[in-house]
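Take a look at the structure below.
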Number of protein chains: 2
Amino acid sequence: MQGDAEQLLREHGLQVTAQRLAILRAVSSRPHGTADELIDDVRAVIGSISRQAVFGTLNVLVEKNLLRRIQPAGSPARYEDRVGDNHHHLICRSCGLTFDIDCIVGAAPCLVAEEDHGFEIDEAEVLFWGRCPSCKRTGETDTPVG
Amino acid sequence: MQGDAEQLLREHGLQVTAQRLAILRAVSSRPHGTADELIDDVRAVIGSISRQAVFGTLNVLVEKNLLRRIQPAGSPARYEDRVGDNHHHLICRSCGLTFDIDCIVGAAPCLVAEEDHGFEIDEAEVLFWGRCPSCKRTGETDTPVG
DNA sequence: AGCCAACAATTGACTCAGTCTAATATTTTT
DNA sequence: AAAAATATTAGACTGAGTCAATTGTTGGCT
């Protein structure tokens, strides 16, 4: 995967650095991770990295469409490397556990608003909210996801 | 409307205060307003109120289901008094302008995930993202909504 | 009407997630 | 190998919201 990641960065006109490769690998091995989780993962692999390098890199990768950012209510942003389709998400209100959900309707844009108010609509984001099996079981209280 | 709001608070076991009434009225006259916008509105009406009173009141009102909170990515939370249905939202990426969109499928829950991963799903939130007519016109840059 | 317990509002410090800026270091190009 | 471009670091800062202690208000009860 290292080679692929390197290739990917070059193709998008980005310099190849150990930090970027590590971040890319961290996102792919922990889909829907938050920036802080990814920082920990990257540190475990390459020893050290600054918060800002991670935020900066995540931002350019999202901008270049190598990553997708999702920002569920009450949670810090999460990142995934599944881009290019418009799949959706199922999120636990208690613990923030997140799954990908394939679009129920079809290809993106999978939903169409009847009245578009003159907007140029580019995305229909669907978030399924609920409670994951383990939070159901423990009867955990409705603390904001983290 | 004053009488209705008062009634509404009492029915939900909440004390009636000038602040709460003003907040309720502010939300209904500015649907999708942010907390800061609502603070300004309330101050214009009753002279003064603390930030915390507004945040605290919005929280209890959301908790009691008198208001609904929406938290679009990149924007502070917005509040509306249209509760009890599961309508959706159309949001401008540039300026945050928000419209209600009636559910395209039917009654809530209007969408069903094929694979629920054992979750107890309670809401399907749909956000249509785009660019409003006036931001299209001015070619305004993609600054985060505010 | 007046009292009092519960509830609400105010004040001010604090947190969390993320951004900005300036300085330094590393890549890539020449 | 040097220059130009780009990336990384450190640390201050911002915005949105929370927490805790104190003061003030509301509404039920004599």
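Numbered from 1 within each chain, the chains take letters A, B, ... in sequence-line order. None of these values were measured; they are calculated from a predicted model.
An OP1 or OP2 oxygen of D:dG27 is reached within less than 4.0 angstrom by a side-chain nitrogen or oxygen of B:Arg10. Between B:Asn59 and the phosphate of D:dT18, there is a side-chain N or O to OP1/OP2 separation shorter than 4.0 Å.
In this structure, B:Ile39 places its CD1 atom 13 Å from C1' of D:dT18, rounding to the nearest Å. Atom CZ of A:Arg69 is separated from atom P of C:dA17 by 15 Å (rounded to the nearest Å). Between the P atom of D:dT18 and the CD atom of B:Gln71 lies a distance of 9 Å, rounded to the nearest Å. Note: NE2 (A:His12) to P (D:dA7) measures 14 Å, nearest angstrom. For the pair A:Leu9 CG and C:dT26 P, the interatomic distance rounds to 19 Å; values are reported in whole Å. In this entry the distance linking CG of A:Leu58 with C1' of D:dA7 reads 14 Å, nearest Å. As a whole-Å value, the separation of A:Glu37 CD from C:dC16 P is 15 Å. One interatomic measurement links the two molecules: CZ of A:Arg78 to C1' of C:dG18, which rounds to 16 Å at whole-angstrom precision.
Taking for each of B:Val16 and B:Phe55 the nucleotide of DNA chain D with the nearest heavy atom, the 5'-most of the two is the partner of B:Phe55.
Ionic pairing of B:Asp122 and A:Arg93 is present here: one or more N-O contacts between side-chain nitrogen and carboxylate oxygen are shorter than 4.0 angstrom. With respect to B:Asp116 and A:Lys136, no salt bridge is recorded, no charged nitrogen being found less than 4.0 Å from a carboxylate O. In this structure, A:Arg82 pairs ionically with A:Asp102, as a charged nitrogen and a carboxylate oxygen lie closer than 4.0 Å.
B:Gln19 meets the side-chain contact (heavy atoms from CB on, under 4.5 Å) test with B:Thr17, B:Ile46, B:Ile49; sequence neighbours excluded. Annotation: ring-ring contact (aromatic ring centres under 6.0 Å, His included) contacts of B:Phe119 (sequence neighbours excluded): A:Phe99.
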Protein-nucleotides 2-8 of chain C N/O pairs closer than 3.5 Å?
from  : atom 1 : to      : atom 2 : distance (Å)
C:dC7 : O4'    : B:Gln15 : NE2    : 3.4
C:dA8 : OP1    : B:Gln15 : N      : 3.4
C:dA8 : OP1    : B:Arg20 : NH1    : 2.5
C:dA8 : OP1    : B:Arg20 : NH2    : 2.9
C:dA8 : O5'    : B:Arg20 : NH2    : 3.2

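At distances below 3.5 Å, not a single donor-acceptor pair connects side-chain atoms of B:Arg131 with backbone N or O atoms of A:Ile121.
Contacts classified as side chain to side chain donor-acceptor pair (under 3.5 Å) and involving residues 48-64 of chain A (residues at least two apart or in different chains) are given here: A:Asp36-A:Arg51, A:Asn59-A:Arg69. Judged as a ring pair (Phe, Tyr, Trp, His ring centres under 6.0 Å), not a single pair has a partner in residues 40-80 of chain A (not counting sequence neighbours).
Using a 4.0 Å cutoff on non-hydrogen atoms, the parts of residues 45-54 of chain B near DNA chain D are B:Arg51, B:Gln52, ordered by number.
With rounding to the nearest 0.5 angstrom, the CG atom of B:Leu14 is 5.5 Å from the CG atom of B:Leu9.
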